[in-house]
Amino acid sequence: MYSSNDTQEKRKTRKGEIRLDDTYIKVPAIQRKLKQAQEEHAVLYIHALGGYGKTAATAYFLRNKAHLYLSGAEGVLNEAPPLHQIKQTTVVVDDISPIVSESSRDYIRTLLTTDKQLILIGRTAAPHWLGLESLDRRYIIAAEPDFLFDAAQTKKLMEAYHLTITDEQAEQIVGLTQHPVTIKLLAQRMAQGMPFGAEVVALTRLDLYRYLDSAFYEQWNSEVKRAMLPLAAFDSFTLRMAELVTGDQNPQRLIEKAMAVSEFLQTDGNGNYQIRSILREYLCYKQQTDLTKAQRDNIFHSAGLYYELNNDIEKALECYEKTGNQDKIADLLIQNASKHVGI
């Protein structure tokens, strides 16, 4: 167990926001990647959704090593000291994904040409502007699988909160989730005296949603929110469906903006998109808390129209049923029946 007091891990907590302590449990996979990058003097690019412990893992690895920490959380680096003044041999650049400042991007690209040990951290795959593929030096990628908790790490985290769970319970927990922050939220709930079971799992899910409010949702601009919130209602969507549901005439631009913020969209390469399950569940929750019934009905009405135009009557009916529009359902059933007379 490791408790980091690094300032980069500390954020002001607003009223109603979930507070996470700085307890860190070592995950061997990511520590091996960090060590490999150091030994090979390779650039390490770390990417994962929020809550996987990217910054905490890096702080743990560098706990006894002087390093310079930079952040691009505000779209521009918090500082950009002249390269000749940087005495530390290791530089960490966190929050790569939000950076839009060209001067900050230029600074990072210049850093890549130096002999500094570089650890870059983002919520998306390496952006094209970094130019990792054209580097003269080796680079290593670390991603979400390198951070996942197993039963052993889950038990260690519980022990850090003075909790004892059985091997079976640890396996049950990782069967539900291997997401580090979710397991930590569960431990914090159980440390308040709640036994492991359905009730504490349900409350932990709400805690996770509150965490995602500040870690994700409040950092999105209005365009990303406008795109992702309504589309979360559906298992998958196409650009045409996104256009009808969001009302935006350029859904490709919206999707590109969303994917530049974080890795919460997946595509099959055939024009179908999916929002990753952990965020889709959260956004469906936000639909219920942030949208009026009329707004939710409008989402399903637009999706129903899309399915109707694509002759997917079953899905169209499902959407119209959620709006409670019995007249539309009746019309669609009559139209469909007239197409199959005599069959």
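Heavy atoms only: backbone and side chains are in, while hydrogens, waters and symmetry mates are out.
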Compare every heavy atom of [Y] with every heavy atom of [X], then report the nearest pair and how far apart it is.
{"X": "R253", "Y": "D248", "value": "NH2-OD2, 3.4 Å"}
{"X": "M228", "Y": "A258", "value": "CE-CB, 4.0 Å"}
{"X": "V200", "Y": "P195", "value": "CG1-O, 3.4 Å"}
{"X": "A48", "Y": "K54", "value": "O-NZ, 3.2 Å"}
{"X": "A232", "Y": "R280", "value": "O-NE, 2.8 Å"}
{"X": "L49", "Y": "E263", "value": "CD2-O, 3.7 Å"}

side-chain contact (heavy atoms from CB on, under 4.5 Å) partner of [X], the single match among [options]:
{"X": "L120", "options": "D94, L111, L112", "answer": "L112"}
{"X": "L34", "options": "L62, I140, L44", "answer": "L44"}
{"X": "F196", "options": "I165, L163, V201", "answer": "V201"}

Taking the side chain as C-beta and beyond, is there a heavy-atom pair between [X] and [Y] under 4.5 Å?
{"X": "K155", "Y": "Q169", "answer": "no"}
{"X": "V174", "Y": "E171", "answer": "yes"}
{"X": "Q88", "Y": "K116", "answer": "no"}
{"X": "C319", "Y": "Y306", "answer": "no"}
{"X": "E281", "Y": "L212", "answer": "no"}
{"X": "D146", "Y": "Y52", "answer": "no"}
{"X": "Y217", "Y": "D290", "answer": "yes"}
{"X": "S262", "Y": "F216", "answer": "yes"}

[X] side-chain N/O to [Y] backbone N/O, donor-acceptor pair under 3.5 Å:
{"X": "R138", "Y": "H41", "value": "no"}
{"X": "E223", "Y": "K257", "value": "no"}
{"X": "Q178", "Y": "F149", "value": "yes"}
{"X": "R296", "Y": "L291", "value": "yes"}
{"X": "T154", "Y": "A170", "value": "no"}
{"X": "D150", "Y": "A152", "value": "yes"}
{"X": "Q295", "Y": "T292", "value": "yes"}
{"X": "R276", "Y": "Q266", "value": "no"}
{"X": "R226", "Y": "G247", "value": "no"}
{"X": "Q117", "Y": "A42", "value": "yes"}

Answer yes or no: are there more than 12 heavy-atom neighbours, outside [X] itself, under 6.0 Å from its atom [atom1]?
{"X": "E79", "atom1": "CD", "result": "yes"}
{"X": "E314", "atom1": "CD", "result": "no"}
{"X": "E74", "atom1": "CD", "result": "no"}

In terms of side-chain heavy atoms, does [X] have a donor or acceptor partner in [Y] at a distance below 3.5 Å?
{"X": "Y282", "Y": "D213", "answer": "yes"}
{"X": "T182", "Y": "Y211", "answer": "no"}
{"X": "Y320", "Y": "E308", "answer": "yes"}
{"X": "D95", "Y": "S71", "answer": "yes"}

In Å and rounded to the nearest 0.5 Å, what is the [atom1] to [atom2] distance from [X] to [Y]?
{"X": "Q36", "Y": "K33", "atom1": "CD", "atom2": "NZ", "result": "7.0 Å"}
{"X": "Q249", "Y": "L254", "atom1": "CD", "atom2": "CG", "result": "10.5 Å"}
{"X": "T110", "Y": "D106", "atom1": "OG1", "atom2": "CG", "result": "6.5 Å"}
{"X": "F237", "Y": "T267", "atom1": "CZ", "atom2": "OG1", "result": "9.0 Å"}
{"X": "L77", "Y": "R105", "atom1": "CG", "atom2": "CZ", "result": "11.0 Å"}
{"X": "Y273", "Y": "I275", "atom1": "OH", "atom2": "CD1", "result": "12.5 Å"}

Co-membership, hydrophobic cluster, residues [X] and [Y], 4.5 Å side-chain:
{"X": "V43", "Y": "I108", "result": "yes"}
{"X": "Y45", "Y": "L70", "result": "yes"}
{"X": "V224", "Y": "Y209", "result": "yes"}
{"X": "V76", "Y": "L83", "result": "no"}
{"X": "V92", "Y": "Y60", "result": "yes"}

Inset, instruction - Take N325 and I329 through the test side chain to side chain contact (heavy atoms under 4.5 Å, CB included) and record every step on the way to the result. - result: CA-CA 6 Å; N325 190 336; I329 293 170; 5.5 Å; no
Before accepting this row, confirm whether a basic side-chain N of the pair [X]/[Y] lies closer than 4.0 Å to the acidic partner's carboxylate O.
{"X": "R210", "Y": "D207", "result": "yes"}
{"X": "E102", "Y": "R109", "result": "yes"}
{"X": "E243", "Y": "R240", "result": "yes"}
{"X": "K156", "Y": "E159", "result": "no"}
{"X": "K322", "Y": "D297", "result": "no"}

Inset, instruction - May I have the step-by-step check of salt bridge (charged side-chain N to carboxylate O under 4.0 Å, His left out) for D115 and R137, ending in yes or no? - result: CA-CA 10 Å; D115 62 354; R137 57 194 292 194; over 6 Å; no
Inset, instruction - Assess whether side chain to side chain contact (heavy atoms under 4.5 Å, CB included) is satisfied between L265 and Q274, documenting all intermediate values. - result: CA-CA 6 Å; L265 274 182; Q274 290 181 316; over 6 Å; no
